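Written out below as structure tokens is the structure these notes cover.
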Amino acid sequence: QVSLVDTGGGLVQAGGSLRLSCTASGRTFSNYAMAWFRQAPGKERECVAKISESALLIYYADSVKGRFTISRDNAKNTVYLQMNSVKPEDTAVYYCAADPSYSKLDSADAWGQGTQVTVSS
């Protein structure tokens, strides 16, 4: 099973930018579809973005479309989430996830430990 480490969270002002990274180890990264989820206090977990193994398929939640960009570097075993024009409602713990199947990322095999993103108004 692949192991994931999320980094890059922090405190940012509304309108600012942040880049999250998730580095994988233990299995062939290029065989895994990847996703970023977030969960705010009192809210359900939400899939923010996902990307297929070869990056041919990409999905964004409506709430982040046009502001966030997911990308991957298979040579570095890393997936990124570039967050621009952030809003206070983007405040949450962000988790990366990995699964061999793009369609099964909601119940992914592996999850990162989470990284806190806090957006101040």
Side-chain angles (χ1 to χ4, degrees):
Q1 184 172 343
V2 66
S3 296
L4 305 174
V5 177
D6 310 323
T7 57
L11 176 64
V12 60
Q13 287 190 332
S17 297
L18 207 59
R19 188 175 81 157
L20 307 183
S21 300
C22 172
T23 301
S25 62
R27 287 289 187 266
T28 304
F29 179 72
S30 59
N31 289 343
Y32 284 82
M34 302 295 297
W36 286 97
F37 290 78
R38 67 185 180 187
Q39 187 162 24
K43 294 189 176 181
E44 291 188 356
R45 187 180 67 195
E46 173 188 23
C47 181
V48 173
K50 55 184 181 181
I51 187 168
S52 63
E53 300 91 311
S54 57
L56 291 179
L57 297 176
I58 292 178
Y59 160 86
Y60 295 102
D62 287 343
S63 55
V64 306
K65 203 171 291 183
R67 300 188 297 120
F68 290 9
T69 302
I70 189 170
S71 62
R72 65 189 296 159
D73 186 337
N74 286 347
K76 295 183 178 180
N77 292 352
T78 301
V79 63
Y80 304 97
L81 185 69
Q82 178 66 44
M83 306 168 62
N84 296 331
S85 303
V86 296
K87 304 175 181 180
E89 51 264 43
D90 294 323
T91 295
V93 178
Y94 284 71
Y95 301 88
C96 70
D99 197 276
S101 173
Y102 179 80
S103 63
K104 296 182 179 178
L105 279 163
D106 282 348
S107 57
D109 280 352
W111 295 82
Q113 82 285 3
T115 185
Q116 175 71 48
V117 172
T118 302
V119 182
S120 62
S121 57

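Only a predicted model underlies this, so the values are computations on that prediction, with no experimental measurement involved.
- Transitive grouping of hydrophobic side chains (ILVMFWY, heavy atoms separated by less than 4.5 Å) brings V64 and L18 into a common cluster.
- With hydrogens and angles disregarded, no donor-acceptor distance shorter than 3.5 Å links the side chain of D109 to the backbone of D99.
- Of all heavy-atom pairs between S17 and S85, the closest is OG-N, 4.4 Å.
- Each of T7, V5, T23 was compared with T78 under the side chain to side chain contact (heavy atoms under 4.5 Å, CB included) criterion, and only T23 meets it.
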Practice prompt. Assess whether side chain to side chain donor-acceptor pair (under 3.5 Å) is satisfied between E89 and S63, documenting all intermediate values.
Written response: CA-CA 9 Å; E89 51 264 43; S63 55; over 6 Å; no
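- When the side chains of ILVMFWY residues are joined at heavy-atom separations under 4.5 Å, either directly or via intervening members, F29 and Y95 end up in two distinct hydrophobic clusters.
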Worksheet item: How far apart are the C-alpha atoms of M34 and L4, what are their side-chain angles, what is the distance that settles it, and do they pass the side chain to side chain contact (heavy atoms under 4.5 Å, CB included) test?
Response: CA-CA 10 Å; M34 302 295 297; L4 305 174; 4.0 Å; yes
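- Exactly one residue among V93, T91, V48 makes a side chain to side chain contact (heavy atoms under 4.5 Å, CB included) with R38. That residue is V48.
- By the rule that hydrophobic residues join a cluster once side-chain heavy atoms approach within less than 4.5 Å of another member, L105 and L57 end up as members of one cluster.
- Both I51 and V2 belong to a single network of hydrophobic side chains, linked directly or stepwise wherever heavy atoms of I, L, V, M, F, W or Y lie under 4.5 Å apart.
- Using a 30° and 60° split on the angle between ring planes, W111 and F37 fall in the tilted class, from 30° to 60°.
- Under a hydrophobic-cluster definition in which Ile, Leu, Val, Met, Phe, Trp and Tyr are linked whenever side-chain heavy atoms come within less than 4.5 Å, directly or via other members, Y59 and Y80 are assigned to different clusters.
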